[in-house]
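Structure first, then comments.
Chain naming here is simple, since letters A, B, ... match the order of the sequence lines and numbering starts at 1 in each.
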There are 2 protein chains.
Amino acid sequence: MGHWTGEQLKARAGVLKAMAHPARLRVLEALAERDHCVCEMQALVGSDMSTVSKHLSVLRNAGLIADEKRGTNVYYRLLVPCILKSLDCVETVLQKQAQKHRVLAGKAGA
Amino acid sequence: MGHWTGEQLKARAGVLKAMAHPARLRVLEALAERDHCVCEMQALVGSDMSTVSKHLSVLRNAGLIADEKRGTNVYYRLLVPCILKSLDCVETVLQKQAQKHRVLAGKAGA
DNA sequence: TGGCTATTTGGCTAAAATGCCAAATAAGAA
DNA sequence: TTCTTATTTGGCATTTTAGCCAAATAGCCA
């Protein structure tokens, strides 16, 4: 909880950066439910297969997911189940922001 | 907990992206303790004042912090105290990664 | 008012991230 | 082995981010 070193800050920022993309969040969300192969995730994300593969490698390099070959496909699994729960506070941020916008728009008051 | 829409994913990714920088994490860490003025945070971050100011505006636009003028200085405060606790799982990621690296280096086994 | 002091903004350059296509790989099926 | 399918990698163009300097603001103090 004390002061982090520059290296520690960099490492933490790196993990956050890996998560900070809509497609990659979508992947994490899916993997929190069950393992998925790349082709399934391409359908979810809706981008080119090569793009999806690169997103997956970002998440893998960050230590968030791992891959495993099963038959013809490569399946990915979530290494850190807590990661989606750690978005709870992000939710709070968005709620507060929505609240503020409502107030600024004069539609309601707290 | 269900499936997020594209907009929801984008909003969540946006907040994470705002956090995903060493200097900005350092700022959040400091503000979790108490309010700080910009000049104090410049000392903490060690970059040009204008750079620090831009980092602060990223965090402000994301809804994570707010500013308030007090005398000569502008003080920032953390709007969402839970945000640093939401890094607990990031910690877990780093620990698992360090563990894996130890195993790959053959220095120990679980 | 004029001059500070603290902070923000504009402008610019360098670096990193995105996403597509095409080519390379890997591995099962025939 | 050869064909095919699933995935990764290389390359490239476009966009976004980062960080510095210099200039613009804002507000206090004399």
Side-chain angles (χ1 to χ4, degrees), chain A residues 6-7 9-28 30-31 34-79, chain B residues 6-7 9-28 30-31 34-79:
Chain A
E7 277 309 309
L9 288 168
K10 212 166 119 185
R12 278 149 189 76
V15 174
L16 289 172
K17 185 150 61 176
M19 299 172 62
H21 188 288
R24 296 198 289 265
L25 278 183
R26 186 76 191 80
V27 164
L28 291 175
L31 294 183
R34 62 171 174 80
D35 296 1
H36 287 265
C37 67
V38 180
C39 54
E40 287 172 323
M41 291 189 283
Q42 178 189 17
L44 282 174
V45 168
S47 308
D48 191 89
M49 169 93 80
S50 68
T51 299
V52 174
S53 178
K54 277 173 184 174
H55 282 311
L56 292 170
S57 104
V58 169
L59 292 171
R60 179 158 31 79
N61 289 334
L64 289 164
I65 64 178
D67 59 330
E68 177 192 357
K69 191 132 202 175
R70 295 185 203 160
T72 315
N73 300 322
V74 174
Y75 276 80
Y76 279 84
R77 73 173 189 282
L78 188 59
L79 284 178
Chain B
E7 279 309 309
L9 288 169
K10 212 165 120 185
R12 280 148 187 77
V15 175
L16 289 172
K17 186 150 60 175
M19 299 173 62
H21 189 288
R24 297 197 288 265
L25 278 183
R26 186 79 191 79
V27 164
L28 291 176
L31 294 183
R34 60 171 175 80
D35 296 1
H36 286 265
C37 66
V38 181
C39 53
E40 287 173 323
M41 290 190 283
Q42 178 190 17
L44 281 174
V45 168
S47 307
D48 191 89
M49 170 93 81
S50 68
T51 300
V52 174
S53 178
K54 278 173 184 173
H55 282 310
L56 291 171
S57 105
V58 169
L59 291 172
R60 176 157 34 77
N61 290 334
L64 289 164
I65 64 178
D67 60 331
E68 177 192 356
K69 191 133 201 176
R70 294 184 204 161
T72 316
N73 299 321
V74 176
Y75 276 79
Y76 279 86
R77 73 173 188 282
L78 189 59
L79 284 178

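Side-chain nitrogen and oxygen atoms of B:Tyr76 include at least one within less than 4.0 Å of the OP1 or OP2 phosphate oxygen of C:dT8. A close approach under 4.0 Å does occur between a side-chain nitrogen or oxygen of A:Asn73 and OP1 or OP2 of D:dT7. Between B:His55 and D:dG19, a side-chain N or O to OP1/OP2 separation shorter than 4.0 Å is present.
For the pair A:Leu56 CG and D:dT9 C1', the computed distance is 14 Å after rounding to whole Å. Taking atom CG on B:Asp67 and atom P on C:dT9, their separation rounds to 10 Å, with Å as the unit. Following rounding to the nearest Å, B:Arg60 (CZ) and C:dT7 (P) show an atom-to-atom distance of 13 Å. A:Asn61 places its CG atom 11 Å from the P atom of C:dA17, with the value rounded to the nearest Å. When the C1' atom of C:dA17 is taken as reference, atom CZ of A:Arg24 falls 8 Å away, rounded to whole Å. The distance between atom CD of B:Glu68 and atom P of D:dA26, rounded to the nearest whole Å, is 19 Å. What separates CE of B:Met49 from P of C:dT7 is a distance of 5 Å, to the nearest Å. As a whole-Å value, the separation of B:Arg70 CZ from D:dC28 P is 15 Å.
Shown are B:Leu59, B:Ile65, B:Val45; of these, the side chain to side chain contact (heavy atoms under 4.5 Å, CB included) with B:Arg24 is made only by B:Leu59.
Contacts of A:Ser47 with the nucleic acid, taken as non-hydrogen atoms under 4.0 Å apart, involve only primed sugar atoms and P, OP1 or OP2. Backbone-only contact: A:Thr72 has heavy atoms under 4.0 Å from sugar-phosphate atoms and none from a base. Within 4.0 Å of A:Lys54, counting heavy atoms only, lies at least one base atom of the nucleic acid. Across all strands, A:Tyr75 comes closer than 4.0 Å to no nucleic acid atom at all (heavy-atom distances).
Comparing atom distances between the A:Val74 side chain and each of D:dT8, D:dG27, C:dG19 picks out D:dT8 as nearest. Listed nucleotides C:dA26, C:dT7, C:dA17 differ in distance to A:Lys69; the shortest reach to its side chain belongs to C:dA26. Nearest to the side chain of A:Asp48, among C:dT8, D:dC20, C:dC20, sits C:dC20. The side chain of A:Ser53 has D:dT9 as its nearest neighbour among D:dT9, C:dT8, C:dG11. In this structure, the nucleotide among C:dC21, C:dG19, D:dT7 sitting nearest to the side chain of A:Ser50 is C:dC21.
In this structure the side chain of A:Leu25 reaches within 4.5 angstrom of the side chain of B:Leu16, judged on heavy atoms. When side chains are defined from C-beta on, B:Arg70 counts as touching B:Asp35, because their heavy atoms get closer than 4.5 Å. Between B:Glu40 and B:Arg34, some side-chain heavy-atom pair lies under the 4.5 Å cut-off. By the 4.5 Å heavy-atom criterion applied to side chains, A:Leu44 and A:Val27 are not counted as neighbours.
Between atom CG of residue B:Leu28 and atom CZ of residue A:Arg12 there is a gap of 13.5 Å, rounded to the nearest 0.5 Å.
Comparing B:Lys17 and A:Cys39 along DNA chain D, the residue whose closest nucleotide (by nearest heavy atom) sits nearer the 5' end is A:Cys39. Each of A:Val58 and B:Val52 was assigned the nucleotide of DNA chain C with the nearest heavy atom; the assignment lying further toward the 5' end belongs to B:Val52.
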